[in-house]
Amino acid sequence: PWIVQVLAGILAAALASILMELIAFRPVRHADGTTMLITSFGVAIAIQAVLTIVVSARARTVPQPSWTVATLSVGGITLPAYQVVTVLVTVIALLAMVLILKRTNFGLAMRGAAENFQTARLLGVRANRMVASAFLISGVLAGIGAVLILARTGGRSSPRWVLRRCSKRSSPSSLAA
């Protein structure tokens, strides 16, 4: 079922983000910004290489759920359902992040660790856990974003209208004109 695939995708992104923090970023946490930037590029290249070897370099399509082609009519305005779902999921995720970061002890500890890592540790905040939690949250949000993109595109690398526009520009008749 599609919901199982959604949850598996979000879980995979969350686990990948935790592994990245533990393996790549934690060892260079106290290094300068250039080192962190180079580490980020290295991680991105490594992920791309591993996925190319393990999965494939070719884009694969996935079945789109039926709700992505549905439309909703509200007050005489017709909207694609996927856009409504995307906006709703985004608003819910944003509100959840604001509530977590502003209204919980966890959010206070996370903001403290982000502001001054050493001081947060001296105050008893498990700063390493807060950084790992930030990576986990970013992975969950990335997974949600990936699911929303895949739900709409089906895994195609470019939307159809871009491909049609590009093919019209490069057609022999358009080049002759």
Indicate the atoms forming the closest heavy-atom contact of [X] with [Y], along with that distance.
X      : Y      : result
Ile10  : Gly143 : CG1-C, 3.8 Å
Ile18  : Ala132 : CD1-O, 3.3 Å
Leu101 : Arg111 : O-NE, 2.8 Å
Glu21  : Phe135 : CG-CD1, 3.2 Å
Ala24  : Val43  : CB-CG2, 3.4 Å
Arg121 : Ala127 : CG-CB, 3.4 Å

Indicate yes or no for a side-chain donor-acceptor contact from [X] to the backbone of [Y] under 3.5 Å, with no hydrogens or angles considered.
X      : Y     : value
Thr39  : Thr35 : yes
Ser73  : Gly76 : no
Arg152 : Tyr82 : no
Ser17  : Ala14 : yes

Is it possible for you to say whether [X] and [Y] belong to one hydrophobic cluster, with membership spreading through side-chain heavy-atom contacts below 4.5 Å?
X      : Y      : result
Val50  : Phe25  : yes
Val87  : Leu150 : no
Ile100 : Met110 : yes
Met130 : Met97  : yes
Val6   : Val140 : yes

Start with the C-alpha distance between Arg29 and Asn128, add both sets of side-chain angles, then the distance that settles side chain to side chain donor-acceptor pair (under 3.5 Å), and finish with yes or no.
CA-CA 10 Å; Arg29 181 174 298 147; Asn128 283 332; 2.3 Å; yes
Hey, mind stepping through Leu79 and Ile77 against side-chain contact (heavy atoms from CB on, under 4.5 Å) and telling me if it holds?
CA-CA 6 Å; Leu79 300 169; Ile77 299 173; 4.0 Å; yes
Taking atom [atom1] as the centre, does [X] end up with more than 12 heavy-atom neighbours from other residues, nucleotides or ligands that are less than 6.0 angstrom away?
X      : atom1 : value
Gln83  : CD    : yes
Arg129 : CZ    : no
Leu122 : CG    : yes
Asp32  : CG    : yes
Gln118 : CD    : yes

Check whether any side-chain heavy atom of Thr78 lies under 4.5 Å from a side-chain heavy atom of Leu72, and answer yes or no.
no
Geometric class of the Phe117/His30 ring pair [parallel <30°, tilted 30-60°, perpendicular >60°]:
perpendicular
Rounded to the nearest 0.5 Å, the OG1 atom of Thr68 sits from the CG atom of Leu148 at a distance of 11.5 Å
Which distance, rounded to the nearest 0.5 Å, do you find between the CD1 of Ile144 and the CD1 of Ile149?
12.0 Å
Determine, stepwise, if the pair Trp2 / Val147 fulfils side-chain contact (heavy atoms from CB on, under 4.5 Å).
CA-CA 10 Å; Trp2 196 77; Val147 164; 4.0 Å; yes
Between Ile47 and Met20, does the side-chain contact (heavy atoms from CB on, under 4.5 Å) criterion hold? Intermediate values first, please.
CA-CA 10 Å; Ile47 290 171; Met20 282 185 266; 3.7 Å; yes
